[in-house]
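Heads up: the structure comes next, in structure tokens.
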2 protein chains.
Amino acid sequence: MTGLDLSHVHAFVAVADAGSVSAAADQLSITQPALTRRLQKLQRDHEVQLLERRGPGLALTSAGRAFLPTARHLLREHDQAGHHLAYLRDGTLRELSVVAPGTTLIDIIIPFVATLGPDRPRTSVTEAALDLRIREAVETHDVVIFPAEPDDTVTSTELLNLPVWAHVASTHRWASRTEIELAELTEESLSVPTRNFAARRKLDAALELENLVLHQVQETNSGQVAQALVATGGGVAVVTDDPAFGLKPLRIIHRGQPLSMELCAMVKPDHYARREIAEFVHQLAVFCTQKYPSLD
Amino acid sequence: MTGLDLSHVHAFVAVADAGSVSAAADQLSITQPALTRRLQKLQRDHEVQLLERRGPGLALTSAGRAFLPTARHLLREHDQAGHHLAYLRDGTLRELSVVAPGTTLIDIIIPFVATLGPDRPRTSVTEAALDLRIREAVETHDVVIFPAEPDDTVTSTELLNLPVWAHVASTHRWASRTEIELAELTEESLSVPTRNFAARRKLDAALELENLVLHQVQETNSGQVAQALVATGGGVAVVTDDPAFGLKPLRIIHRGQPLSMELCAMVKPDHYARREIAEFVHQLAVFCTQKYPSLD
DNA sequence: AGTGTTTACGCGCCTCGTAAACATC
DNA sequence: GATGTTTACGAGGCGCGTAAACACT
């Protein structure tokens with residue numbers, strides 16, 4: 001009948017995360033018996049079993065697994081509401097959280113944040129898995145930067161049309177060119193990151209459309225490594241990273257267009273600080289057009 | 001620093017709703033000094049002024065107005081989480097809340113709910129303003145029934161292709177016909193509900209497309225009244241309601257198609273009881289095709 | 001042995017209600 | 001004379017930590 005106690009919900013989530021009551025108790029800075037009491041009160045008050053003995057410790061019941069996302073969501077909303085109040089107090093965001101793929105983080109976000117004065121909101125940055133669900137990420141973070149299709153559920157700002165580069169060593173026979181045809185790649189030995197990277201996905205998609213197959217492919221866990229391999233061993237690195245190790249970047253032409261992807265900044269449309277965030281995104285967009293003037 | 005106390009948030013919203021501290025205190029079943037203490041603690045803890053003296057009583061500050069939606073949202077999520085637990089306990093929904101426009105309520109939802117056995121979830125029904133924001137409504141209620149365009153953010157089920165009827169008295173010269181052309185309506189004296197009704201909007205949209213203008217229009221506050229006027233005074237009532245007062249319904253043909261609108265049932269895609277709700281919606285859809293077999 | 005649970009005790013904090021004096025409009 | 005605020009008091013509740021015995025695997 002009575003609404004649930006947030007400290008109980010917190011306890012539940014902490015246990016689910018920590019995997020054991022005592023570990024969670026440490027994390028919550030309370031004693032283990034106290035935590036046990038909270039958990040039992042939560043379950044007794046609502047007559048639901050969320051945890052059960054399994055092995056030496058505890059595990060979630062099916063009900064517990066079902067409730068966990070709801071619990072997390074509630075705590076998140078609770079945090080957000082607190083942040084909203086803090087925002088109303090200060091008039092400015094004191095912290096702004098940004099998610100972006102690692103490549104984007106290194107080439108764009110970090111350099112941009114470095115240009116901001118100290119009076120700007122402190123920016124906390126998180127690396128995104130390329131398979132993140134944007135609608136969820138937008139709930140947890142203030143700005144999501146991602147190569148993405150537009151989505152009506154978020155306010156989306158186009159930052160950049162980001163080329164997918166073919167990097168070659170300066171000794172490579174292509175080194176003096178500025179672009180190559182997609183089909184030409186099949187003649188070469190390629191270094192590409194895994195399918196977790198957007199550049200790889202774009203490349204695969206384009207190849208698929210043309211029924212092209214690569215013959216010599218070295219798969220790496222990052223664009224940087226792909227570039228390093230090319231710098232030392234020759235071949236071509238297909239990545240979105242900026243050139244490194246003195247490599248020469250070439251555009252990849254597919255059906256007359258350079259292979260590229262839209263980089264978008266996405267924000268929850270009803271975010272309480274949408275004004276400030278829009279300003280931040282706008283500055284970021286300006287920074288992007290300055291860094292990549294030819295791509296505008 | 002510490003997260004906000006839900007009872008404080010509740011206090012704030014109650015005061016905003018009730019308009020005065022003492023009224024809100026009554027509603028919360030606590031004394032007025034206690035409420036005052038809560039409000040001040042909320043504002044002191046977070047160093048924000050949400051309320052200020054205005055006239056004899058209190059009023060929201062601009063910060064208060066800004067925070068109110070967030071506060072409401074948090075309380076709603078809190079409730080939802082509680083309902084989720086109750087659902088996990090009982091295994092079935094004990095209450096299912098439905099929103100629908102008044103016309104739909106009377107002609108479809110109420111008759112349908114009446115057919116359900118007593119072991120079915122208790123259904124609480126709310127009338128919707130026709131200008132409701134579906135994304136918000138879906139947060140507050142389990143099912144939203146509405147003449148609507150599909151929306152990716154909700155799981156939408158088509159219930160019915162609902163005709164916009166032209167009702168005439170049995171003595172009217174059209175009484176033996178089953179359909180009329182849109183343009184013919186301009187010759188007649190029309191009774192139509194206000195633009196708050198979907199039927200009226202459809203009609204206006206179709207007339208606009210054809211550059212047609214009505215000459216004799218009587219605007220009413222409900223479809224029922226429009227029908228009543230026609231039954232007693234003659235003319236044509238353009239509404240989505242079922243026939244009443246012995247009126248004859250005619251389809252309105254526009255560009256070869258009967259004027260109609262899709263009636264959809266919409267549910268939050270990650271609703272904790274989406275399974276049960278989908279079953280409810282399915283039964284409702286079956287009920288609709290039985291009630292309007294010709295329209296399937 | 002390393003989990004988590006249970007019991008009992010005492011302490012402290014917090015919030016309530018009451019009641020009465022003030023303050024504003 | 002509405003409304004909301006402030007003060008002070010005392011009572012009750014609730015949850016904590018501690019500590020120790022217990023239960024399960």
Side-chain angles (χ1 to χ4, degrees), chain A residues 1-65 67-68 75 78 82, chain B residues 1-65 67-68 75 78 82:
Chain A
M1 193 57 78
T2 175
L4 52 173
D5 184 328
L6 278 195
S7 75
H8 295 172
V9 178
H10 214 131
F12 169 66
V13 172
V15 169
D17 284 343
S20 91
V21 176
S22 11
D26 277 2
Q27 207 201 358
L28 294 175
S29 307
I30 61 174
T31 60
Q32 174 269 320
L35 217 199
T36 292
R37 282 191 290 245
R38 279 195 195 174
L39 293 171
Q40 288 182 342
K41 191 155 205 310
L42 170 63
Q43 299 180 88
R44 193 107 47 72
D45 282 356
H46 298 84
E47 302 172 65
V48 191
Q49 193 178 355
L50 301 172
L51 300 159
E52 66 188 355
R53 302 208 62 125
R54 187 129 42 139
L58 289 182
L60 294 178
T61 64
S62 64
R65 276 190 301 277
F67 184 59
L68 187 54
L75 294 180
H78 182 230
Chain B
M1 195 55 76
T2 176
L4 48 172
D5 184 327
L6 278 194
S7 76
H8 295 171
V9 178
H10 213 131
F12 169 66
V13 172
V15 170
D17 284 343
S20 90
V21 175
S22 10
D26 277 2
Q27 206 202 358
L28 293 175
S29 307
I30 60 175
T31 58
Q32 173 268 319
L35 217 198
T36 292
R37 282 191 289 244
R38 278 195 197 175
L39 294 171
Q40 289 182 341
K41 190 157 205 312
L42 170 63
Q43 299 179 87
R44 193 109 48 70
D45 282 357
H46 298 84
E47 303 171 67
V48 190
Q49 192 177 358
L50 301 172
L51 301 158
E52 65 188 354
R53 303 208 62 123
R54 187 128 47 138
L58 289 182
L60 293 177
T61 63
S62 64
R65 277 191 300 277
F67 184 59
L68 188 54
L75 294 180
H78 183 231

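Chain letters run A, B, ... following the sequence lines, proteins first, then strands; residues in each count from 1. Bear in mind that the values here come from a model prediction, so they are computed numbers and not experimental data.
In this structure, B:His10 places its NE2 atom 17 Å from C1' of C:dT15, rounding to the nearest Å. Counting to the nearest Å, the P atom of D:dG4 and the CZ atom of B:Phe12 are 15 Å from each other. The CG atom of B:Leu6 sits 14 Å away from the P atom of C:dT15 (whole-angstrom rounding). A straight line from CG of A:Asp26 to P of C:dT3 spans 11 Å, rounded to a whole angstrom. Per the geometry, CD belonging to B:Gln49 stands 11 Å off P belonging to D:dT5, to the nearest Å. Taking atom CD of residue B:Gln40 and atom P of nucleotide C:dC14, one finds them 17 Å apart after rounding to whole Å. Protein atom CG of B:Leu42 is 15 Å distant from nucleotide atom C1' of C:dT15, rounded to whole Å.
Legend: salt bridge (charged side-chain N to carboxylate O under 4.0 Å, His left out) pairs involving residues 22-32 of chain B, not counting sequence neighbours: none detected. Pairs passing the side chain to side chain donor-acceptor pair (under 3.5 Å) check and including a residue from residues 48-59 of chain A, sequence neighbours excluded, do not occur. The list of ring pair (Phe, Tyr, Trp, His ring centres under 6.0 Å) pairs with a residue in residues 10-41 of chain B, not counting sequence neighbours, reads B:Phe12-B:Phe67. The salt bridge (charged side-chain N to carboxylate O under 4.0 Å, His left out) pairs that include a residue from residues 8-23 of chain B are B:Asp17-B:Arg72, where partners are two or more places apart or lie in different chains.
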Steps toward side chain to side chain contact (heavy atoms under 4.5 Å, CB included) verdict (A:Asp45, A:Leu4): CA-CA 8 Å; A:Asp45 282 356; A:Leu4 52 173; over 6 Å; no
Side chain to side chain contact (heavy atoms under 4.5 Å, CB included) between B:Arg38 and B:Ile30, worked out: CA-CA 11 Å; B:Arg38 278 195 197 175; B:Ile30 60 175; 4.0 Å; yes
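Contacts of A:Ala16 classified as side chain to side chain contact (heavy atoms under 4.5 Å, CB included), with partners at least two apart in sequence or in another chain: A:Leu60, A:Leu68. Under the rule for a side-chain hydrogen bond (donor to acceptor under 3.5 Å, both in side chains), the partners of A:Thr36 that lie at least two apart in sequence or sit in another chain are A:Gln32. With sequence neighbours excluded, the residues forming a side-chain hydrogen bond (donor to acceptor under 3.5 Å, both in side chains) with B:Ser7 are B:Asp5, listed by chain and number.
Comparing the local axis fitted to the first five base pairs of the helix from C:dA1-D:dT25 to C:dC25-D:dG1 with the one fitted to its last five gives a bend of 40°, rounded to 10°.
Distances shorter than 4.0 Å separate some side-chain N or O of A:Thr36 from OP1 or OP2 on C:dT5.
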Nucleotides 8-25 of chain D: protein proximity per nucleotide (B base, S sugar-phosphate only, - neither; heavy atom, under 4.0 Å): B------SBBB------S
